[in-house]
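Accompanying notes for the structure given below.
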Amino acid sequence: MTRSTKSTSSHANDNKNSTATTNNELAQILPVTKSCNGLYYSTKISIGTAPSQEFQVTVDTGKADLWVPSVECDSAGVAGMRRYNESLSSSYEMAGETNNTFLIERSDDGSQVVGEKAIDTVRIGRFVLPQQMFGQVTFIPFSLDIQSCNDVDGVLGLGFQLPSSLNGNFSNVLSSLEPMLKNHMFSLYLSGNNSTLSSVENSESNATLSSQSELILGGVNQERYSGCLSWHSNPVSSDKDKEASQLEEYWNINLDNVKVGDESIFANTKFAVLDSGSSTIIGPTYDVTEFMRSNGAKCFVAPNHRMVDCSTETGYEYATIDCHDSAKLKPLEFVIDGSSYIFEANDLMSRKMIDGEERCVLRLTPSDLFDFWVMGDPWFNKYFTAFDLENKRLGFAPALPYHQKKTTFCQNDLRLDVMIAGDEFVEDIDQDSLIEEQTGMIENTPASDPSSNQSNSDKEQEMTTAIVAISVLLVFVTVIVIIRRRRRKTRPAQGFGLPNRQGSIPSSFDMGSLYDDWGDDGDNVMFTIEDDGFGDRRID
């Protein structure tokens with residue numbers, strides 16, 4: 001199957017982002033930038049009215065809220081950040097005089113992001129969210145990596161059903177967006193695995209990679225993945241399973257098994273959380289240590305990069321493998337609903353210059369804080385991921401390189417594809433299937449979906465064609481009726497191929513047979529009835 005698309009929507013670095021619209025429901029592809037030296041992926045939003053204030057915010061599926069620094073924030077490291085000034089916005093509203101504190105506590109060190117709740121108009125691409133509550137932060141702890149960045153201002157939380165710090169009767173951004181989406185879903189394509197880059201000295205290459213990611217609101221973009229999406233339900237827990245009950249609020253999946261090569265390291269870990277706000281894959285300490293041991297990794301602590309035993313109780317901050325032997329790395333495999341998702345050396349390592357030496361750092365870290373896996377950026381670099389709000393499920397497919405031309409598309413995913421609108425695609429499948437898709441007859445595809453409806457101009461053309469065809473048919477029928485009436489008043493003609501006594505036309509004809517003198521009451525009408533040589537009969 002092939003399809004045509006608008007040139008403005010094929011590249012993430014184009015200022016005109018792809019948008020499809022139907023019944024006030026939108027779908028749009030937003031460019032995502034790799035920010036903060038590769039730690040985060042961020043996109044642009046604006047807050048306020050006359051003028052709106054722009055911010056670059058991280059796209060975080062592990063958080064629930066939107067927050068940006070307030071102009072009142074004087075924390076160290078925020079000098080380079082853009083800060084929200086409520087006095088400049090004509091649409092700003094107070095969130096209330098009581099219970100107005102905005103607070104997020106980090107799970108790893110207990111530090112807190114503190115500020116006030118605010119209400120204002122938020123714009124994400126072409127989506128406008130009036131009276132949206134968010135946090136304007138007055139204190140950011142130094143331990144938060146975002147403090148060291150000059151190209152990230154805040155956080156856009158796209159968590160599933162996470163408890164919001166906003167509370168009250170206000171929805172978080174994702175809840176406000178959902179009813180506006182063409183399909184009640186969003187998806188992420190995050191490119192930029194720098195396993196082939198030797199160091200941060202390749203800033204030009206990193207800049208190129210940074211502009212090749214996408215946040216797709218309202219659907220998917222099949223140009224960014226191969227095959228079809230494999231769907232996995234967000235698990236529903238029983239009251240007895242406290243861990244599952246807690247994770248229900250996150251975008252999470254059940255794990256059948258975790259392997260290093262052919263060896264299972266699956267212990268008590270049953271779940272994994274999808275978190276685009278994490279720069280690594282995080283796993284329970286035992287499981288990650290087994291991976292390091294099996295692959296002969298070396299573990300280090302900062303800031304002096306001192307090597308330690310990977311199984312030490314005090315833990316370590318990063319691990320490396322020999323860059324020259326990376327091909328020997330045993331892959332890390334996650335089995336989900338019987339499907340395997342495999343991470344090899346190039347998926348898990350990042351080349352860094354440390355103390356003047358190039359090292360292959362593994363993008364995998366241990367944690368004693370929880371008993372489940374956290375799928376961070378390495379997951380999203382390897383797999384295109386769709387987040388289905390309506391059906392509470394996650395869809396995965398192998399991500400394609402950004403510039404790779406895709407020639408075949410998954411028919412099951414057509415109705416979700418925001419790059420297909422109206423008649424803007426052509427298929428090399430059979431015409432019946434094409435007609436069914438364009439008229440909404442494919443199973444599970446609503447007729448109102450713009451991906452299967454024809455444009456108004458096509459419908460008008462079809463109506464005109466139908467009217468002409470009916471007119472021609474009426475003329476033909478009228479001629480036949482006239483012939484039959486006149487034949488009833490004439491004697492039977494002689495010879496093969498002439499009308500019979502009942503006035504009907506025989507089933508066989510002589511090519512070029514001429515019937516004349518069929519006049520009646522002084523009329524002299526001549527017809528030529530011919531076989532065109534292909535079995536079709538016509539009257540001239």
Does OH in Y286 sit with more than 12 non-hydrogen atoms of other residues, nucleotides or ligands closer than 6.0 Å?
no

Any Lys/Arg nitrogen of E214 or R224 sitting under 4.0 Å from an Asp/Glu carboxylate oxygen of the other?
yes

Can you confirm whether or not the ring centre of F300 sits under 6.0 Å from the ring centre of Y316?
no

Stepwise side chain to side chain contact (heavy atoms under 4.5 Å, CB included) test for L215 and Y41
CA-CA 10 Å; L215 166 62; Y41 286 88; over 6 Å; no

Quick check: F396 with F384 (ring centres under 6.0 Å apart)?
no

Could you check R83, Q56, R82 and say which one makes a side chain to side chain donor-acceptor pair (under 3.5 Å) with D153?
R82

Among Y225, F343, Y189, find the one that has a ring-ring contact (aromatic ring centres under 6.0 Å, His included) with Y383.
F343

Salt-bridge contact R351-E358 (side-chain N to carboxylate O under 4.0 Å):
yes

Pairing of E290 and K330 as salt bridge, 4.0 angstrom limit
no

Do the two ring centres, one from F271 and one from F370, sit under 6.0 Å apart?
no

Aromatic ring centroids of F387 and F186 under 6.0 Å?
yes

Aromatic ring proximity F134/W67, centre distance under 6.0 Å
no

